[in-house]
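Comments concern the structure below.
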Amino acid sequence: MLQQRRGGCGRLAVMASVVWLGQFAPGAQLPPIPPGELVRKTVQNEVRASEGESVPHIFTSRKETAHGSQIKLYCETKDAMAGMAIANDGKPLTIEQRQAEEARLKDLMNNPEELKRKRQREKDDAERVGRIVRAMPDAFLFEYDGVEPGKPGIGKQGSELVRLKFKPNPRYDPPTRTEQVLAGMQGYLLIDPNKYRIARIDGTLFKEVGFGWGILGHLDRGGRFLVEQGDVGDGSWDIQRMGLMFTGKLLFFKRIDIKSTESFSDFHPVPSGLTFAQGVELLKKQESGLAEIGRGAGSQK
């Protein structure tokens with residue numbers, strides 16, 4: 001399912017915005033079912049995919065915020081997501097930064113309780129994302145809006161994706177604060193109608209959305225999020241780009257100002273059942289290999 005990562009690691013928490021007005025393939029056929037039914041079947045399949053067995057991967061992340069950029073390596077393990085920073089603002093880590101990163105990972109490996117808390121945070125994030133995705137068929141009204149070709153990072157290249165516009169369902173009553181944001185959101189989805197997978201979600205807040213009757217806070221009009229996922233090359237689907245752009249207030253005092261985009265690439269399968277420590281060792285080997293490649297490229301200049 002669309003989430004921060006598989007195995008309970010949340011990744012939909014960070015989502016951004018880019019509107020793409022694509023050209024629809026002439027003569028393309030839309031699914032012979034109502035748009036809401038296609039979305040419901042797709043969401044059900046996303047849930048099954050998230051709860052079933054999946055292929056773990058090692059991969060690269062590049063994240064950009066208002067404070068700069070960072071490149072990290074990640075490895076999915078049975079204990080928790082193992083992640084290691086390898087560059088900040090386009091420059092390799094300094095010796096001090098590298099030592100601090102290794103100390104952080106060593107502390108997690110030697111502290112089962114802290115690792116357990118990390119795993120629980122990932123599960124909690126994934127559950128919040130799951131609530132949003134499961135609510136979509138009821139929270140929105142959908143309308144077919146043509147088709148687009150799949151491409152790397154968005155579905156699968158060569159496949160045909162159905163585009164659907166969505167807007168809030170006025171009859172939907174959000175059960176918790178988590179789903180309240182949906183009441184002020186509109187945008188579009190791209191769905192692979194043959195695999196019943198979501199390839200893209202692009203949503204915009206068209207009005208201010210309050211939490212707890214506005215007492216707990218609000219998100220400003222104009223906030224946007226984007227999530228793209230697709231086949232990573234081995235038949236499994238994963239998030240490959242996401243971002244978030246929201247402003248607002250929390251409890252009247254704290255200003256919310258989140259601008260972040262993150263892309264994921266270079267997916268390679270790893271053995272299932274890896275421990276966190278084994279995942280860290282794979283990250284170190286991957287980082288050493290990348291550093292060697294970089295030194296080789298530099299010597300050829």
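- Using a distance-only test at 3.5 Å, with no hydrogens or angles considered, a donor-acceptor pair links the side chain of Arg255 to the main chain of Gly248.
- A salt bridge does not link Glu262 with Arg241: none of the charged nitrogens is closer than 4.0 Å to a carboxylate oxygen.
- The two residues Leu274 and Cys75 come nearest to each other via the heavy atoms CD1-SG, 4.0 Å.
- Within the 4.5 Å cutoff, side-chain heavy atoms of Leu105 are placed close to those of Phe276.
- In this structure, Asp266 contributes its side chain and Phe59 its backbone to no donor-acceptor pair below 3.5 Å.
- Of all heavy-atom pairs between Leu161 and Gly150, the closest is CD1-CA, 3.8 Å.
- Of the possible polar contacts, one joining the Gln229 side chain to the Ile198 backbone as a donor-acceptor pair under 3.5 Å is found.
- Using a cut-off of 4.0 Å between Lys/Arg side-chain N and Asp/Glu carboxylate O, Arg224 and Asp202 are scored as salt-bridged.
- Taking 4.5 Å as the limit, some side-chain heavy atom of Leu141 sits within range of a side-chain heavy atom of Pro170.
- Both Val39 and Val147 are members of a single hydrophobic cluster when ILVMFWY side chains are connected at heavy-atom separations under 4.5 Å.
- Residues Val162 and Pro31 have side chains in contact (heavy-atom distance under 4.5 Å, counting atoms from C-beta outward).
- Between Pro168 and Ala183, the closest heavy-atom pair is CG-O, 3.4 Å.
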Quiz prompt | side-chain contact (heavy atoms from CB on, under 4.5 Å) evaluation trace for Leu205 with Phe246 | solution = CA-CA 9 Å; Leu205 287 179; Phe246 284 112; 3.4 Å; yes
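- With rounding to the nearest 0.5 angstrom, the CG atom of Leu189 is 11.0 Å from the CZ atom of Arg200.
- Under the 3.5 Å distance criterion, the side-chain polar atoms of Lys118 are matched with a main-chain donor or acceptor of Met81.
- Hydrophobic clustering places Phe140 together with Tyr196 (ILVMFWY residues linked when any side-chain heavy atoms are closer than 4.5 Å, directly or through intermediates).
- Contact of the Gln120 side chain with the Asp124 side chain is registered, since non-hydrogen atoms from C-beta on lie closer than 4.5 Å.
- Cluster annotation: Met136 and Tyr172 are assigned to distinct hydrophobic clusters (Ile/Leu/Val/Met/Phe/Trp/Tyr, side-chain heavy-atom contacts under 4.5 Å, transitive).
- Residues Thr77 and Asp79 bring no donor and acceptor atom of their side chains to less than 3.5 Å of each other.
- Linking ILVMFWY side-chain heavy atoms closer than 4.5 Å, directly or via other members, places Phe206 and Val181 in two distinct hydrophobic clusters.
- We find that Lys41 and Glu37 are joined by a salt bridge, their nearest charged nitrogen and carboxylate oxygen being less than 4.0 Å apart.
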Exercise. Would you check, one step at a time, whether the test side-chain contact (heavy atoms from CB on, under 4.5 Å) holds for Ser159 with Asn194?
Key: CA-CA 9 Å; Ser159 64; Asn194 295 313; over 6 Å; no
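- We find the CD-OG1 distance between Glu281 and Thr275 to be 9.0 Å, quoted to the nearest 0.5 Å.
- Between Pro152 and Gln240, the closest side-chain pair of non-hydrogen atoms is not below 4.5 Å.
- Here CD of Glu64 is found 5.0 Å from OG1 of Thr261. Values are rounded to the nearest 0.5 Å.
- In this structure, Met242 and Phe264 have side chains that are in contact, with non-hydrogen atoms separated by less than 4.5 Å.
- Listed here is the closest heavy atom pair of Ser260 and Lys63: OG-CE, 3.3 Å.
- Residues Arg40 and Asp138 are in side-chain contact: their nearest non-hydrogen atoms beyond the backbone lie under 4.5 Å apart.
- Side-chain contact between Val47 and Val133: absent, with no pair of heavy atoms (C-beta onward) separated by less than 4.5 Å.
- Ile256 is connected to Met185 through a chain of hydrophobic side-chain contacts under 4.5 Å among Ile, Leu, Val, Met, Phe, Trp and Tyr, so both are in one cluster.
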Self-check item: Chi angles and distances behind the side-chain contact (heavy atoms from CB on, under 4.5 Å) call for Gln278, Val270
Solution: CA-CA 11 Å; Gln278 290 172 327; Val270 296; over 6 Å; no
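- Panel note: side chain Gln70, backbone Asn88; no donor-acceptor pair is recorded below 3.5 Å.
- Judged by distance alone, the side chain of Asp145 and the main-chain N or O of Arg163 form no donor-acceptor pair under 3.5 Å.
- Across all non-hydrogen atoms, the minimal contact from Asp238 to His57 is OD2-ND1, 4.0 Å.
- One N or O on the side chain of Asn110 and one on the backbone of Lys106 form a donor-acceptor pair closer than 3.5 Å.
- Remark: Ile132 CD1 to Gln180 CD distance equals 10.0 Å, nearest 0.5 Å.
- Within the model, atoms CE of Met84 and CD of Gln286 stand 9.0 Å from one another, a figure rounded to the nearest 0.5 Å.
- Between Glu208 and Arg221 there is no salt bridge, since no side-chain N of the basic residue sits under 4.0 Å from a carboxylate O of the acidic one.
- Contact between Ser69 and Arg62 at its shortest, heavy atoms only, is OG-NH2, 3.6 Å.
- At most 12 non-hydrogen atoms from other residues, nucleotides or ligands lie less than 6.0 angstrom from NZ of Lys195.
- Applying the 6.0 Å contact sphere to CZ of Arg104 captures more than 12 heavy atoms from other residues, nucleotides or ligands.
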Exercise. Please test Glu127 against Lys123 for salt bridge (charged side-chain N to carboxylate O under 4.0 Å, His left out), starting from the C-alpha separation and ending with a verdict.
Key: CA-CA 6 Å; Glu127 176 56 28; Lys123 286 185 176 181; over 6 Å; no
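- One side chain, Asp220 or His218, offers a donor N or O that lies under 3.5 Å from an acceptor on the other.
- Looking at Gln99, its side chain never comes within 3.5 Å of a backbone N or O of Glu96 through a donor-acceptor pair.
- To the nearest 0.5 Å, atoms CD1 (Ile191) and CG (Leu38) are separated by 4.5 Å.
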Practice problem: Give the intermediate values and the outcome of side-chain contact (heavy atoms from CB on, under 4.5 Å) for residues Ile86 and Thr60. | Solution: CA-CA 10 Å; Ile86 61 172; Thr60 303; 5.5 Å; no
